[in-house]
Asks: 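Before I ask anything, here is the structure I am working with.
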Amino acid sequence: MANVQQQYSYPDARGYFGPYGGVFVAETLIPALEELRGAFETYRNDAAFLAEFENELKHYAGRPSPICHARRLSEKLGGAQILLKREDLNHTGAHKVNNCIGQALLARRMGKPRVIAETGAGQHGVATATVAARHGFECVVYMGTEDMARQAANVYRMKLLGATVVPVASGSRTLKDALNEAMRDWVTNVSNTFYILGTVAGPHPYPMMVRDFQTVIGKECLTQMPEAFGRQPDMVIACVGGGSNAIGIFYPYIPCENVRLVGVEAAGEGIGTGRHSAPLTANAKAGVLHGNRTCLMQDENGQVIETHSISAGLDYPGVGPEHAWLKDSGRAEYVAVTDTEALDAFHALCHFEGIIPALESSHALAQAMKVAPTLPRDRLLLVCLSGRGDKDMHTVAERSGIQF
Ligand SMILES: *Cc1c(COP(=O)(O)O)cnc(C)c1O
């Protein structure tokens, strides 16, 4: 694997991470993706673009996000030290805004006055509506009717921000159906519309572009860790839905051989029950979904199967193609954490540190809490705390049998 690390330069020119990624879309979308690829290629090296991106991250989103030592929690566990990269402190409460800011700046430079997005729990929809308001774009967000019912507060937030939320009643009426509808809109309105995709999935160049915008997370860690803790961490742990917060913190660490990279999927009710959202951990076969080839939960006929997780943000049958490649190449490891373990970690962080984490982030934390007691006290576990848990109040209360 030394090879992969030293010369890591993925994807290739056609958007492949080993056998994963690529462009599997209707012919009508090819020109739009070419236009996007060209624009990103230009602006990723443009000093004025990068300066504006940095400025927005700093003064609008509130970066850099700090790294905070979970002192009481680590003490309680009696092993390695748990450190939290606080993406929950960003404007809109999660890492998603990093990517939305980047894509919005690109949309403006490409002269597109209208942006569209898909959303599951509503976090990406809110982040998109937020940057659309900031730039004066028309904004349309596609959301499954099942998710709209579960996440009414986020639907209202998007409306307050001036977005139109379009209900999607096809299929399972959740994220994957919303993504299909957003792609359909894009085909029809490609001349004036920019599609702000929310994770490291979709056709090339999205997995690469979203990664590059999210690497701000890991780049900050590279400087913050030596400053505050004297060295780089022994392990970096992040939850994986599509995989954007994980790749954002992993990517700058890929060349650091001594840093273990651990992605945490949602085991739901347990991998053995089939009710989970953990394609990598369950060794699912490769298949094509949403414009790319990746590791995908499917039945023997290749039909995508229903997924389950207590956290809506991890409830996705596929995974970003780069994670499938990092797993095959051995550079990153993937494990899964159940709903119950994530809930326990959620309550532990509330109780010991005064931080209410997102249920997605609680999966990464649960993994850190599992391994910390098995390691010496001088080891450093860096956890990406991808978002705050305000959105999850109802889910947690319901599970605890509390009504409000
Ligand atoms: C959306 C979301 C995730 C999952 O998305 P990734 O692309 O896998 O990062 C994780 N955490 C939070 C807080 C989210 O809102």
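Whatever order the structure lists them in is the order used to number ligands and atoms, beginning at 1. No experiment lies behind these values; they were computed from the predicted model shown.
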Asks: Closest approach of Thr294 and Pro321, non-hydrogen atoms and distance?
Replies: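 Smallest interatomic distance, heavy atoms only, reads OG1-CA, 3.6 Å.
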
Asks: Salt bridge or not between Arg184 and Glu181? Use side-chain N to carboxylate O under 4.0 Å.
Replies: yes

Asks: Side chain, backbone, both or neither: which applies to Glu87 and ligand 1 if a contact is any heavy-atom pair less than 4.0 Å apart?
Replies: neither

Asks: Does CZ in Phe24 sit with more than 12 non-hydrogen atoms of other residues, nucleotides or ligands closer than 6.0 Å?
Replies: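 Enclosed.
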
Asks: What pairs meet the side-chain hydrogen bond (donor to acceptor under 3.5 Å, both in side chains) rule with one or both residues in residues 277-289, with sequence neighbours excluded?
Replies: Glu265-Thr281, Ser277-Asp315, Asn283-Lys327

Asks: I need the contact type for His95 against ligand 1. Using non-hydrogen atoms and a strict under-4.0 Å cut-off, is it side chain, backbone, both or neither?
Replies: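 For His95, the contact with ligand 1 is made by the side chain alone.
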
Asks: Is it the case that Arg331 places NZ or CZ above or below the six-membered ring of Tyr8, under 6.0 angstrom from the centre and within 45 degrees of the axis?
Replies: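 Relative to the ring axis of Tyr8, which defines the angle, Arg331 lies outside at least one limit.
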
Asks: Check ligand 1 against Gly387 and write out every atom of the ligand that is under 4.0 Å from a heavy-atom position of the residue.
Replies: 13 (C)

Asks: What protein heavy atom sits nearest atom 14 (C) of ligand 1, and how far away is it?
Replies: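 Nearest protein contact, heavy atoms only, for atom 14 (C) of ligand 1 is Lys96 NZ, 2.8 Å.
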
Asks: Between Glu360 and Lys391, is there a side-chain N and carboxylate O pair less than 4.0 Å apart?
Replies: yes

Asks: Kindly give the heavy-atom pair with the smallest separation between Ala266 and Ala336, and that separation in Å.
Replies: C-CB, 4.4 Å

Asks: Give a yes or no on this: more than 12 heavy atoms of other residues, nucleotides or ligands lie within 6.0 Å of atom CD1 of Ile271.
Replies: yes

Asks: Among Asn245, Thr199, Val319, which one has a heavy atom closest to atom 7 (O) of ligand 1?
Replies: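 Considering heavy atoms of Asn245, Thr199, Val319, the nearest to atom 7 (O) of ligand 1 sits in Thr199.
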
Asks: Taking only heavy atoms of Gly243, which atoms of ligand 1 are found under 4.0 Å from at least one of them?
Replies: 6 (P), 7 (O), 8 (O)

Asks: Could you say whether the N/O atoms of Val200 and ligand 1 ever approach to under 3.5 Å?
Replies: no

Asks: Answer with side chain, backbone, both or neither: which part of Ser386 has a heavy atom less than 4.0 angstrom from an atom of ligand 1?
Replies: both

Asks: Would you check whether Ala246 reaches within less than 4.0 Å of ligand 1, judged by its heavy atoms?
Replies: no

Asks: To check your reading of the model: name the closest protein heavy atom to atom 6 (P) of ligand 1, its residue, and the distance in Å.
Replies: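 Minimum-distance protein heavy atom for atom 6 (P) of ligand 1 reads Ser244 N, 3.3 Å.
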
Asks: Tell me, which protein residue and heavy-atom name are nearest atom 4 (C) of ligand 1, and how many Å apart are they?
Replies: Gly313 O, 3.4 Å

